[in-house]
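Every chain is numbered from 1 and lettered A, B, ... according to where its sequence line falls, protein lines coming before strand lines.
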Amino acid sequence: MPELPEVEVVRRGLARWVTGRTVAEAQVLHPRAVRRQVGGAADFAAQLVGRTLGAAERRGKYLWLPAGDGLAMLGHLGMSGQLLVQEPEQPDETHLRVRLRFTDGRRELRFVDQRTFGHLAVEEADPDGLPASLAHIARDPLDPLFDEQRFFTELRAKRTTVKRALLDQTLVSGVGNIYADEALWRSKLHYERPTATLTRPLAATLLGNAREVMTAALAVGGTSFDSLYVNVNGESGYFSRSLDAYGREGEPCYRCATPIRRAAWMNRSSYFCPRCQRLPRQRAA
DNA sequence: CTATGAACCTGACAGC
DNA sequence: TGCTGTCAGGTTCATA
């Protein structure tokens, strides 16, 4: 469940169902799911058993469970990862990769990931509780401590285009392909607009729109096109019906009725309105 | 520093 | 039915 709203839905579920519970057993059913763990699967399990987990936290698309002694269990869902809270007697999912059993014998935590682009790891955390490998990940637009000043400065300094910048997790985290296209549509910006040409008000509009669209998506449980993107209880969100650009190739723009276009871009797709989101004419150098 | 492409995987779907 | 090609909410690494 990739982007910020979907990950936040999962974080809330974990906070509700896992906080304060003690790990009795950690089973790694696929080594790729813990490939970032320096000591491998055995180390991952050994680090977790006996630990009582704190309330889940999140930065961008990453989430983690404080585990005491300056450690945290970090997770990233990649393209297809799910964290599910399941009754122990529920049959194993086809792509079950990691299972945590708890000392209370009640519902277990399962990491299910079809494509195994996601991962879990136990890591040291800094004094603020942030896992070590997230030091370079920027705060996200829903974080009260998000540094707008820094965002504007770095955005203007970048020699790149605006959608690349939105997807750059060191500049602003949590935004992925769907919400980048949605924020750009709302801002009437072309995805290949050079960041150096963005005025401060335009950049502020863009950031505000990213914040608004992700907040709206979060309010309805995130975006789910299929059963891959679900909360810890396996339920889908409803934001797919509110998308203005993403996935709407050939359908009329809600502002001007021009058909939305899909363009191949960086091994993926960009959806945009060719009329509302124009590239300003290049000036000769 | 920036930019591109490929790699990592599995499954769904369209078209033949 | 079954094959082939394309596509998918992400990150990282290697090469220009």
Side-chain angles (χ1 to χ4, degrees), chain A residues 1-11 29-36 58-63 74-83 93-97 111-121 131 133-138 140 154-185 191-196 210 213-214 216-218 220-231 236-250 262-271:
Chain A
M1 262 237 215
E3 304 183 50
L4 185 154
E6 295 76 35
V7 178
E8 175 60 14
V9 166
V10 172
R11 187 202 65 77
L29 294 100
H30 193 313
R32 253 187 73 77
V34 295
R35 63 192 176 282
R36 307 270 291 265
R58 181 186 58 72
R59 174 170 290 193
K61 303 171 196 172
Y62 292 84
L63 44 76
L74 175 70
H76 193 288
L77 301 173
M79 289 287 270
S80 56
Q82 305 173 331
L83 283 164
E93 292 77 5
T94 306
H95 303 294
L96 178 62
R97 309 305 189 193
F111 180 58
V112 176
D113 190 359
Q114 176 193 108
R115 297 172 72 182
T116 58
F117 289 175
H119 73 277
L120 302 179
S133 65
L134 302 194
H136 66 294
I137 302 293
D140 58 67
E154 291 188 7
L155 186 71
R156 286 295 302 273
K158 288 242 175 221
R159 200 163 291 276
T160 187
T161 48
V162 64
K163 187 170 173 182
R164 297 186 103 92
L166 279 178
L167 297 183
D168 180 347
Q169 306 294 302
T170 68
L171 194 61
V172 51
S173 68
V175 182
N177 208 31
I178 289 183
Y179 298 109
D181 281 359
E182 293 299 304
L184 289 167
W185 183 87
Y191 60 99
E192 285 190 312
R193 171 95 172 231
T195 50
V213 71
M214 291 197 292
L218 177 56
V220 294
T223 300
S224 313
F225 296 125
D226 53 42
S227 57
L228 229 44
Y229 303 94
V230 295
N231 66 16
S236 292
Y238 297 101
F239 198 70
S240 59
R241 61 187 64 168
S242 303
L243 295 173
D244 292 315
Y246 189 87
R248 297 194 63 243
E249 181 180 20
R262 178 171 78 88
W265 180 83
M266 280 187 49
N267 287 332
R268 41 216 313 203
S269 297
S270 268
Y271 295 89

Novice: Do any side-chain nitrogens or oxygens of A/R36 fall under 4.0 Å of OP1 or OP2 in C/dT11?
Specialist: no
Novice: Tell me, please, which residues at least two apart from A/R115 pass side chain to side chain donor-acceptor pair (under 3.5 Å).
Specialist: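 In terms of side chain to side chain donor-acceptor pair (under 3.5 Å), with neighbours along the sequence ignored, A/R115 is linked to no residue.
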Novice: Could you tell me which residues satisfy ring pair (Phe, Tyr, Trp, His ring centres under 6.0 Å) with A/Y62, sequence neighbours excluded, listed by chain and number?
Specialist: A/H76
Novice: Please determine whether a side-chain nitrogen or oxygen atom of A/H95 lies at a distance below 4.0 Å from atom OP1 or OP2 of B/dT10.
Specialist: no
Novice: Would you call A/D140 and A/K61 a salt bridge, taking side-chain N to carboxylate O under 4.0 Å as the test?
Specialist: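 Salt bridge absent between A/D140 and A/K61.
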Novice: Where are the stems of DNA chain B, defined as at least 3 consecutive Watson-Crick or wobble G-U pairs with both distances under 3.5 Å?
Specialist: B:2-8 with C:10-16, B:10-16 with C:2-8
Novice: According to ring pair (Phe, Tyr, Trp, His ring centres under 6.0 Å), who are the partners of A/F111, at least two apart in sequence or on a separate chain?
Specialist: none
Novice: Pick out the pairs of N or O atoms, protein on one side and nucleotides 5-8 of chain C on the other, that lie under 3.5 Å.
Specialist:
residue: C/dA8; atom: OP1; partner: A/S269; partner atom: OG; Å: 2.7
residue: C/dA8; atom: O3'; partner: A/Y246; partner atom: OH; Å: 3.3
residue: C/dA8; atom: N3; partner: A/R115; partner atom: NH1; Å: 3.2

Novice: Is there a residue in residues 159-169 of chain A whose heavy atoms reach under 4.0 Å of DNA chain C, and which residues are they?
Specialist: A/Q169
Novice: Without decimals, in angstroms, what is the distance between A/F117 CZ and C/dC13 P?
Specialist: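 That distance rounds to 14 Å.
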Novice: Return the value, rounded to whole Å, for the distance between atom CD of A/E93 and atom C1' of B/dG11.
Specialist: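 Atom-to-atom, A/E93 to B/dG11, this comes out as 17 Å.
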Novice: With sequence neighbours excluded, tell me which residues meet side chain to side chain donor-acceptor pair (under 3.5 Å) with A/S242.
Specialist: none
Novice: Which residues pass the salt bridge (charged side-chain N to carboxylate O under 4.0 Å, His left out) test with A/R11, not counting sequence neighbours?
Specialist: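 Partners of A/R11 by the salt bridge (charged side-chain N to carboxylate O under 4.0 Å, His left out) criterion, ordered by chain and then number, come out as A/E8.
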Novice: Consider the side chain of A/T116, meaning its heavy atoms from C-beta on, and name the nucleotide among C/dT11, B/dT2, B/dC9 that approaches it most closely.
Specialist: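 Given the options C/dT11, B/dT2, B/dC9, the side chain of A/T116 is closest to B/dC9.
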Novice: Between C/dT11 and B/dG11, how far is it from one P atom to the other, in whole Å?
Specialist: 22 Å
Novice: Please name all residues satisfying side chain to side chain donor-acceptor pair (under 3.5 Å) with A/S224, sequence neighbours left out, ordered by chain then number.
Specialist: none
Novice: Which residues pass the salt bridge (charged side-chain N to carboxylate O under 4.0 Å, His left out) test with A/E192, not counting sequence neighbours?
Specialist: none
Novice: Do any side-chain nitrogens or oxygens of A/K158 fall under 4.0 Å of OP1 or OP2 in B/dC1?
Specialist: no
Novice: Go through the side-chain N and O atoms of A/E6 and A/Y179 and say whether any donor and acceptor fall under 3.5 Å apart.
Specialist: yes
Novice: List in chain and number order the residues that pass ring pair (Phe, Tyr, Trp, His ring centres under 6.0 Å) with A/Y238, two or more places apart in sequence or in another chain; answer none if no residue qualifies.
Specialist: none
Novice: Can you name the side chain to side chain donor-acceptor pair (under 3.5 Å) partners of A/R32, sequence neighbours left out?
Specialist: A/T116
